[in-house]
Amino acid sequence: MKRSSWKEYEKEIADDHYYYARSCIRQNFFPGSETTFLRIMREALGKDIYDDPRHTSCTGIGYHSDIVPLDTTMAVVARQFALMTEAGYENIAISCITSFGLYTEILETWHEFPETEARARENLFKATGREFRKPANIAHTSDIVFHNREVIAAQAVRKLVNAETGAPLNIVEHIGCHYAKIFPKSGIGGSEFPYVLAGMVEEWGGRVVDYPERRHCCGFGFRNYIVQANRGFSIANSRKKLESMAPYKPDMMVANCPGCAMFLDKWQYAIAEMENVTYGADGRGIPVLTYEEMAGLVLGYDPWDMGMQMHQVDTEQVLQKMGVRYDPAAKFLGRAGKFIGAPAAAAVNTFSGDRIYRIKT
Amino acid sequence: MGAVNFGYGISAARGMDLDRNDLGPAREIADEVPEFRACIACGGCTATCTAGNLTSFNFRMVHTLVRRGEYAGAYREMNKCMLCGKCRLVCPRGINTRGVVMQIKRKLGDY
Amino acid sequence: MDGLTFYSGFVVPFIVGTSVLFAVIVYKYVRWFARLPRRDKLSVRRGMFSGATVAAAWECLMESLLHRRIWRVNPALGYMHTSFALGWFLLIAVGWIETVAYLGGRFVPLQGHIFFKYFTTELQHGPRWGVNFEAVMDLLLLYVLSGVALALFKRLRSRAMGMRRTTQLRMGDRVAMASLWFIFPMRLLAESFTSGIHGSGGFLTGGLGGVLATVVPAGVMPIAELGAWWGYSIALGVFFVSMPFSRYMHIFTEIPLIFLRRWGVRGEVGREKSFDHFQLEACSRCGICIDPCQMQRDGGMTGVQSVYFIRDRRYNRLSRRMADSCMACGRCEAKCPVGLELDTLRVGSRYTLNNTPSNDRWAYARGGNGRSDIAGASLPSETAQVGYFAGCMTLLSPRILRAMESVFAAAGEDVWWADREGGVCCGRPMKLAGEVDAARDMMKLNEELFRRHGITTLVTSCPICLRVFREDYSLRGIEVLHHSEYFQRLVAGGRISLKAGSERLTYHDPCELGRGCGIYDEPREVLRAVGELAEPSETREEALCCGSSIAGNAIGGVAQTLMGRAVGRAFEATGASCVVTACPLCKKALARGTELPVLDLAEVVERHLMTAADSK
Amino acid sequence: MSSKRIVVIGGGPAGMQAALSLAAGGLKPVIVERAGELGGKLKEWHRLFPSMTEANEVLTRLTGEIAEAGVEVMLHTEVEGIALGEGGAHDGAPNGVVLAEGKKLPAGAVIVASGFDIFDARQKEEYGYHVYDNVFTTVDIERMLNGDKVALSDGTAPRRIAFVHCVGSRDEKVNQRHCSKVCCITAVKQAMELRERFPEAEIYSFYMDIRMFGPGYEELYQQAQQESHINFIRGRVSEASPTIDGRIQIKAEDTLVGRPLKMSVDMVVLAVGMKAAAGNEKLAASCDGLSLAPSGFLAPRDMFTGCVSSGAAGVFYAGTATAPKTIGECIAEGAMAAQRAAEYLKSGAKR
């Protein structure tokens with residue numbers, strides 16, 4: 001495949017001084033990833049990034065579930081911009097794909113329908129007395145990592161290769177629907193052949209797997225997951241992707257979106273428990289990493305410091321392949337060596353010969 | 001197997017996979033009634049259908065699915081046909097529609 | 001004693017052949033008869049001592065020996081068949097009398113009768129009882145030999161015998177046929193040699209014998225004589241052994257068939273039964289059914305005609321395509337010299353070949369949830385004296401519906417419309433497709449429907465429905481009429497009057513109405529009242545099929561169109577300005593085949609209804 | 001005698017026929033052609049629907065007649081715009097065309113037969129043209145047929161082929177709302193040609209509507225179904241992706257049964273549409289009275305009696321400059337435009 005088309009979709013990414021907008025899901029399920037991002041920004045790249053304790057959820061989940069009305073969402077987003085303005089920043093770095101999509105969508109709506117912006121300003125002022133300037137530059141945090149991928153590569157402790165054989169790791173990248181499917185121009189590489197994660201993987205020595213269901217949604221789908229009666233559709237979507245990627249024997253997946261990382265990871269657990277099927281080449285699940293974790297491993301950070309014990313599918317298999325030295329005993333020790341509790345054994349992490357997904361011929 | 005009940009299952013895919021579907025029987029049917037291949041799915045057969053007038057039988061839908069290798073239930077549905085032959089009189093492509101019914105009944109009884 | 005012995009080595013093939021023949025025939029007949037259903041056996045018992053037996057005997061004489069029906073098709077063909085049947089029969093019968101005449105009441109074994117000439121050379125020749133038996137026997141032999149010559153000629157030039165196409169033969173038939181053709185020339189040769197040696201024989205054998213005696217050296221004559229008798233016996237033996245397995249089985253089987261039929265045994269439409277064996281093996285594969293078949297004649301479909309179907313079914317090699325490739329128009333059945341129920345046999349095979357695995361065909365009509373999905377659904381509920389069942393095809397021809405409406409109104413008839421908004425199909429298409437059980441379900445639904453509405457007369461515009469109503473429904477107390485019969489009654493009873501016109505009309509007999517239900521005159525009577533009727537060259541019992549018969553499961557659109565065009569041309573040749581038929585399906589089919597306007601009888605009646613204004 | 005001269009912009013079928021008709025009428029046409037030879041896109045086609053006539057047969061007939069008639073042809077020459085000023089056939093009317101570097105070619109009238117552009121299938125990037133090896137356009141297939149080298153990129157024969165209709169037609173997403181008219185019949189024709197070459201292959205055709213507008217087209221479509229065993233599926237292909245064995249998986253909805261469908265194929269053929277020529281805008285801007293339709297094609301004065309006339313006196317249109325057309329239609333319009341131009345020069349009536 002010729003991946004040159006991504007160059008038609010490049011966007012401007014600010015070089016420094018970011019206001020950081022965190023992600024609800026990432027904070028809850030992979031909190032170490034956001035910490036890792038801040039660490040990379042500050043330590044490895046020496047950038048200024050402001051992590052504001054006052055900012056809130058963007059209401060994206062509620063919005064896409066038809067629970068929160070658009071005007072409310074606009075007011076909340078306007079408040080984040082006001083906090084950014086007050087803190088003296090104009091570049092926003094958004095940790096969540098849904099938030100990123102939502103911010104982009106709202107800015108586009110304000111552009112096309114200026115009366116909606118006026119209403120948002122009015123609502124925000126009435127409720128909080130705040131005012132704001134629209135950001136000069138809007139980027140997803142993965143855009144920033146992509147932007148600095150060569151700098152990171154220069155500092156790399158290790159590459160995305162099998163430490164023993166030297167062969168590049170087969171990596172499935174998953175972008176997240178709201179990154180570029182809403183506005184292809186807002187994502188690096190557009191919506192059909194996004195390059196944001198692929199660029200990192202290729203820069204750091206890995207090999208990207210392009211499989212038939214690459215573009216398919218992870219299955220989160222908001223209402224599909226939130227209403228239990230619909231959850232079967234959510235998991236079916238993940239399974240469709242897993243079945244499609246399994247023949248390529250991926251060593252790991254890397255996800256752009258907090259929700260995708262979570263569902264691709266946790267549905268593997270659920271499928272294994274429900275149907276006794278796993279999709280990894282070695283009879284276990286396929287580890288799902290966030291791009292922050294992937295970058296952290298390349299930079300030589302300790303996996304447990306990055307919160308990789310929070311994964312449902314054990315990440316040790318990929319750590320071993322990459323030759324990462326880690327202390328197995330320290331996996332579930334938190335700060336100051338305190339035991340944080342270990343999960344019960346799960347089918348997705350235990351090898352069983354009858355469990356391997358039979359690849360169709 | 002299926003050890004844990006989370007309160008939901010994994011929904012079956014609605015999609016048709018032409019890599020997995022066995023198109024052999026569909027081809028055999030078309031070989032028996034060659035003009036069947038010229039069907040343009042206009043739905044005239046279903047519109048005039050005596051059985052379809054009284055039940056949910058949709059001949060056009062069933063035979064279109066058959067042409068895609070989706071045979072499940074086709075035989076059962078086809079038993080709703082009364083073989084009256086009106087569809088053959090209205091078919092703009094001159095297809096022996098009753099022949100198609102008979103062929104589906106004969107070849108797809110096991111699906 | 002006369003010192004005659006009736007044994008020689010050469011009789012062995014004959015004895016063996018005859019034994020095998022009779023053993024097989026007895027085995028077959030006993031088995032088939034035993035498997036007849038009780039109902040059939042009862043009617044046999046009843047019929048056996050009635051006039052039916054005499055009539056059957058007469059029919060055997062007329063058909064099995066004289067082949068009256070074949071004479072009607074073509075005298076040369078009739079002569080050929082009769083020469084074999086009657087000639088051979090007489091050779092045997094007169095030969096028997098000859099034996100008695102010469103030898104009195106003395107026991108003579110079978111071969112003694114057959115090879116009489118060989119064993120009785122020492123007897124005094126000359127007439128007995130005033131009859132020159134030798135001359136009579138020679139005359140009979142000559143008669144049969146003329147038939148053999150004709151048969152050879154037919155193989156080479158079938159058209160001259162009134163047949164455009166003749167049957168393709170299988171291997172077994174070829175052996176049997178070859179041996180049959182050898183029998184009589186060998187007999188002539190054998191008897192001639194014997195006559196030549198002993199100076200006996202009639203004008204034929206004696207004459208030829210004399211010639212042989214002069215040509216053949218005397219020393220060779222006895223050897224040649226014995227060889228010829230061996231040949232004769234072998235030909236007989238081979239023919240007899242192959243006979244029960246070849247088409248020549250018809251020679252004997254036609255006789256029990258005629259008797260069973262006279263005693264009331266019939267095939268069952270939609271199912272195979274034991275009686276079918278008698279029909280299948282009574283087929284001589286004469287091939288007379290091939291020419292009338294329009295599929296062959298106009299539609300370009302060969303090798304599927306009744307003779308081939310019967311052959312394949314008899315030898316258990318029937319394909320679905322063969323069973324399906326028939327319009328059941330009845331044209332061949334009308335011509336069959338043996339009177340086989342060809343349509344019934346074909347449809348029965350469709351049932352057998354329907355190997356569809358489940359039995360829930362059309363089960364939704366019975367109603368899985370207590371009520372049927374469709375019974376009575378959205379049908380009007382009023383009651384009336386007369387019910388009108390348009391039929392599926394009529395619903396596609398709204399002009400017929402409108403015409404019926406006008407006629408009913410003009411006659412002041414109170415009518416319940418059974419299927420105006422679409423009803424359950426009558427079931428005949430299902431039955432003709434071999435789906436007898438499903439058809440039965442549909443029939444029950446309609447029967448109930450008719451009863452619920454209290455009708456005493458049921459009128460239908462569709463001959464397909466008419467036939468199934470009459471043949472399969474139990475509608476005691478309800479008189480079923482085709483609209484042509486109904487119109488004829490309305491006119492005869494003065495309930496409607498028709499304006500006479502001068503238009504030249506031609507009428508197409510729908511297969512299901514004419515050959516199917518025997519209705520030929522009523523529509524014609526109505527038409528004569530409104531115009532001049534011009535008959536096509538093939539009409540009434542010989543009428544052509546429109547080509548789109550509902551029974552034609554495997555007939556493609558091209559063949560249908562070709563047949564429709566051919567029929568159309570036949571109507572155009574009458575010089576009529578309009579084709580009238582009495583079947584909605586025929587109407588659709590004919591409209592594709594001719595440029596002439598095609599009307600249903602109902603439309604014609606509507607156009608000629610005498611209104612109050614007209615009668616002034 | 002520039003007033004007797006008529007400039008024909010474009011040497012495709014419409015332009016060549018216009019020039020021939022003018023020459024026959026005793027006028028002096030000059031064909032200005034951008035490329036190095038006459039023929040336009042006809043040069044690339046293999047056989048023409050629905051009669052399967054060799055494109056070359058039509059081409060050589062036209063170019064032969066051009067040579068015979070001694071029509072003046074300027075090759076490698078681009079037209080920048082319509083020239084205005086004194087000296088035209090009528091006061092204030094165009095008096096020629098402007099060529100590169102402001103050079104002027106004087107004339108009494110101009111016939112614009114500048115044709116169309118082929119839609120760039122890379123714009124529908126979800127179909128993977130120039131991304132996956134075995135995704136082709138109908139234009140590629142014509143070239144391959146001409147070179148008698150229809151095969152997959154590795155030289156083997158395809159076992160499964162999918163045609164995708166309406167690529168760059170009837171699609172807001174690429175600013176092409178119009179129907180390109182000829183792609184349905186082209187795809188049907190090519191499917192049948194591929195069937196001849198690959199008797200064992202399965203061939204599918206994904207369509208939104210099948211538009212068989214011309215004589216013999218519907219018959220060809222039915223022949224494609226019944227005799228060439230082309231499977232037509234109503235539904236727009238949404239995306240193409242690679243499979244592990246190097247094939248291409250396509251997804252669509254079979255709208256006739258209301259269910260999504262996917263399948264792997266060896267070869268995808270995109271039936272690319274006709275796009276308004278890129279130069280239309282510049283040409284229209286160069287002269288008052290010339291305008292563009294919303295589709296970007298030049299707008300004729302009206303659809304009926306003025307279908308070869310522009311809003312400007314002395315400027316006439318022929319062929320696909322105004323809308324997608326078949327070759328036969330282009331040639332007919334060429335003759336008609338020539339007649340109108342001749343009338344214009346002769347009668348002095350402002351058209």
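Computation of the quantities below employed the complete heavy-atom set of this structure, encompassing side-chain atoms and omitting hydrogens, waters and symmetry-equivalent molecules. The chains referred to below are lettered A, B, ... by the order of the sequence lines, with proteins before strands, and numbering in each begins at 1.
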Please classify the contact between C:Arg321 and chain B as side chain, backbone, both or neither, with a heavy-atom cut-off of under 4.5 Å. side chain
Please classify the contact between C:Ala433 and chain B as side chain, backbone, both or neither, with a heavy-atom cut-off of under 4.5 Å. both
Identify the two heavy atoms, one from B:Ala38 and one from B:Arg93, that lie closest to each other, and give their separation to 0.1 Å. O-NE, 3.1 Å
Side-chain polar contacts of residues 82-91 of chain B - donor-acceptor pairs under 3.5 angstrom, sequence neighbours left out - could you list them?
from, atom 1, to, atom 2, distance (Å)
B:Lys86, NZ, B:Thr48, O, 3.2
B:Arg88, NH1, B:Asn96, OD1, 3.2
B:Arg88, NH1, C:Ile555, O, 3.2
B:Arg88, NH2, C:Ile555, O, 2.5
B:Arg88, NH2, C:Gln560, OE1, 3.2

Quick note, side chain to side chain donor-acceptor pair (under 3.5 Å) partners involving residues 35-47 of chain B, not counting sequence neighbours, are B:Asp31-B:Arg37, B:Arg37-D:His229, B:Thr46-B:Asn58
Distance-only donor-acceptor check, side chains C:Tyr308 and C:Thr302, under 3.5 Å: no
Given heavy-atom pairs under 4.5 angstrom as the criterion, report whether the side chain, backbone, both or neither of B:Glu32 touches chain C. both
